[in-house]
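Please read all numbers here as calculations on a predicted model, not as lab measurements. This chain uses plain numbering: 1 for the first residue, then up along the sequence.
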Amino acid sequence: MLVLVAHASATTRRRLGRLLRAAGHEVLDAGGAQRTLALCRERRPDVLVLSAALCTRDRLAVVELVKADPVVFRTAIVVIEPPELTPEEAALLLRRGAHDFLLEPVRDAEVLSRVQSAGRTKILQEELVDQTARLESQLFEDPLTQLKNRRFVFGQLGALISGARRHGRPMAVAMVDLDRFKAINDVHGHAVGDQALVHAGEALRRALRAEDVLGRLGGEEFLALLPDTNDDAAAHAAERLRAAVEHAGGPVPLTASVGYAVLTGDEAPDDLVRRADAALYEAKAAGRNTVRGPATLPRRT
């Protein structure tokens, strides 16, 4: 493990450094709070052994700053406190993000055991984060194109519509369907068809903004969610998507038909998508490789 020892006393830093190195750890040291934070951001230690007196002297809340940092917040912190630490102060320290604490004067065996425990906890936390990311990928990612899947996209759709209404902002969606895709599979085989889908998905993703959401609904159909997008912007976005597929490259030439719709009034998410889908069918009927929208749905009775 990489351990950073932060203490105002050079003698203590040397003693703890020798102890930890003898136990097989790589050790850094710092004599000030600013240097401690800089080393945390630069080297990302597994464990920080931190003197509370150093923080008090330099008037920097190092524990809170490390735990608030998006890069180094996973570093486990063991704080060295004065012997008069009260139970209330200890509880507050742990609530602020410290993994554990030691009381001065620190004993070698305690330092080793607390550092080992903190390091194991950090490793377990990282494994949990990685496992969660893998599960989210399985739940919300299309395994072929690596785009978001239907479940994720429709979950996001409701949230984006709610936000658009709350802030009085426009919102649009665009349905994209690859033209005559069944013929590609029939003539060239499904392996070529899969490659074509991947190229199309990459091209569509590049055609969108960072805040847009793109997902594969299944087969050769994709849905783009376009926040802060009015009618004119939606038409331009839909045309970018159509052109992106036409110039996607890949094993076979591709074109796509695109239908778009812009959120109106208290329209339900399903109806917004249905209108984009109806516009898509109009694009198909108009000869494919074109854009249509927005369509009007018949009134429900």
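A continuous path of hydrophobic side-chain contacts links Phe222 to Val252 [ILVMFWY only; heavy atoms under 4.5 Å]. Hydrophobic clustering places Met175 together with Ile161 (ILVMFWY residues linked when any side-chain heavy atoms are closer than 4.5 Å, directly or through intermediates). Leu144 and Leu147 end up in the same hydrophobic cluster when Ile, Leu, Val, Met, Phe, Trp and Tyr side chains are linked at under 4.5 Å. There is a path of hydrophobic side-chain contacts, each under 4.5 Å, that joins Val291 to Leu226. One hydrophobic cluster, built from ILVMFWY side chains closer than 4.5 Å, cannot hold both Leu28 and Leu19; they sit in different ones.
At distances below 3.5 Å, not a single donor-acceptor pair connects side-chain atoms of Asp194 with backbone N or O atoms of Ala191. A donor-acceptor pair is defined here as one N or O able to donate and one able to accept, closer than 3.5 Å; such a pair exists between the side chain of Lys67 and the backbone of Phe73. Using modelled atom types, one side-chain atom of Thr121 and one backbone atom of Ser117 make a donor-acceptor pair closer than 3.5 Å. Counting only distance, with no hydrogens or angles, the side chain of Arg216 and the backbone of Gly219 share a donor-acceptor pair below 3.5 Å. In this structure, the side chain of Gln156 does not engage the main chain of Val153 through any donor-acceptor pair within 3.5 Å. Put simply, the side chain of Asp58 never gets that close to the backbone of Leu60: no donor and acceptor are under 3.5 Å apart. For Arg292 (side chain) and Gly259 (main-chain N/O), no donor-acceptor pair under 3.5 Å exists by modelled atom type.
Between His7 and Ser51 the shortest heavy-atom distance is CD2-CB, 3.5 Å. Closest non-hydrogen pair, Ala256 versus Val176, comes out as CB-CG1, 3.8 Å. Across every non-hydrogen atom of Gly193 and Phe181, the tightest pair is O-CZ, 3.3 Å. When every heavy atom of Val72 is checked against every heavy atom of Cys40, the shortest pair comes out as CG1-O, 2.9 Å. The two residues Gly119 and Met1 make their nearest non-hydrogen contact at CA-SD, 3.2 Å. Shortest non-hydrogen contact noted between Ala52 and Val79 is CB-CG1, 3.9 Å.
Inter-residue side-chain proximity for Pro82 and Glu104 is flagged as unmet; no heavy-atom pair is nearer than 4.5 Å. Counting only heavy atoms from C-beta outward, the side chains of Leu50 and Val63 approach each other to under 4.5 Å. For the pair Leu157 and Met171, the minimum side-chain heavy-atom distance is below 4.5 Å. For the pair Arg288 and Arg180, the minimum side-chain heavy-atom distance is below 4.5 Å. Side chains of Glu246 and Leu254 form no contact here, defined as non-hydrogen atoms less than 4.5 Å apart. Side-chain contact between Leu16 and Val111 is present, with heavy atoms from C-beta onward closer than 4.5 Å. Between Glu267 and Arg165, the closest side-chain pair of non-hydrogen atoms falls below 4.5 Å. Val262 is not listed as a side-chain neighbour of Thr229, based on a closest heavy-atom distance of 4.5 Å or more.
We find the CG-CG distance between Leu94 and Asp100 to be 7.0 Å, quoted to the nearest 0.5 Å. Taken from SG in Cys55 to CD in Glu64, the straight-line distance is 8.5 Å, to the nearest 0.5 Å. Put simply, CG on Leu48 and CG on Leu37 are 8.5 Å apart, with the number rounded to the nearest 0.5 Å. Note that the CZ atom of Arg74 and the CG atom of Asp69 stand 12.5 Å from one another [nearest 0.5 Å]. Taken to the nearest 0.5 Å, the OG1 atom of Thr12 stands 11.5 Å off from the CG atom of Leu54. Between His247 atom NE2 and Arg206 atom CZ the span is 12.0 Å, to the nearest 0.5 Å.
Checking Arg41 against Thr75 by side-chain atom types alone, no donor-acceptor pair falls below 3.5 Å. At a cut-off of 3.5 Å, with distance as the only test, a side-chain donor of Gln116 or His25 sits close to an acceptor on the other residue. In this structure, a donor-acceptor pair under 3.5 Å is absent between the side chains of Glu110 and Ser113.
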**Asked** Run the side-chain contact (heavy atoms from CB on, under 4.5 Å) check on Leu128 and Leu124 step by step: do they pass?
**Response** CA-CA 6 Å; Leu128 180 60; Leu124 289 172; over 6 Å; no
**Request:** Walk me through it: do Arg274 and Asp270 pass the test salt bridge (charged side-chain N to carboxylate O under 4.0 Å, His left out)?
**Result:** CA-CA 6 Å; Arg274 287 175 63 217; Asp270 286 348; over 6 Å; no
**Check against side-chain contact (heavy atoms from CB on, under 4.5 Å), Val198 and Glu202** = CA-CA 6 Å; Val198 170; Glu202 291 174 350; 3.8 Å; yes
**Request:** Take Leu272 and Thr264 through the side-chain contact (heavy atoms from CB on, under 4.5 Å) test and state the conclusion after the steps.
**Result:** CA-CA 8 Å; Leu272 175 62; Thr264 61; over 6 Å; no
**Message:** Let's go through Leu223 and Phe154 carefully: what are the C-alpha distance in whole Å and the side-chain angles of both, what is the deciding distance for side-chain contact (heavy atoms from CB on, under 4.5 Å) to 0.1 Å, and is it a yes or a no?
**Reply:** CA-CA 9 Å; Leu223 178 63; Phe154 277 95; 4.2 Å; yes
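Glu26 and Arg43 are joined by a salt bridge, as a carboxylate oxygen and a charged side-chain nitrogen come within less than 4.0 angstrom of each other. Taking a cutoff of 4.0 Å between a charged side-chain nitrogen and a carboxylate oxygen, Asp271 and Arg275 do not qualify as a salt bridge. Under a 4.0 Å N-O distance rule, the pair Glu239/Arg242 qualifies as a salt bridge.
Residue Arg107 qualifies as open at atom CZ: its count of foreign heavy atoms under 6.0 Å is 12 or below. Remark: His236 NE2 is loosely packed, at most 12 non-hydrogen atoms of other residues, nucleotides or ligands lying under 6.0 Å away. By the 6.0 Å contact criterion, CD on Glu211 is enclosed, its count of non-hydrogen atoms from other residues, nucleotides or ligands being greater than 12.
A salt bridge (charged side-chain N to carboxylate O under 4.0 Å, His left out) with Asp108 is found for one member of Arg18, Arg15, Arg114 and no other, namely Arg15. Of the candidates Leu2, Val3, Val5, Leu2 is the only one forming a side chain to side chain contact (heavy atoms under 4.5 Å, CB included) with Pro45. Between Leu197 and the options Leu178, Ile184, Val192, a side chain to side chain contact (heavy atoms under 4.5 Å, CB included) holds for only Leu178. Of the residues listed (Asn289, Asp179, Thr290), the one engaging Lys284 in a side chain to side chain donor-acceptor pair (under 3.5 Å) is Asp179, and it is the only one.
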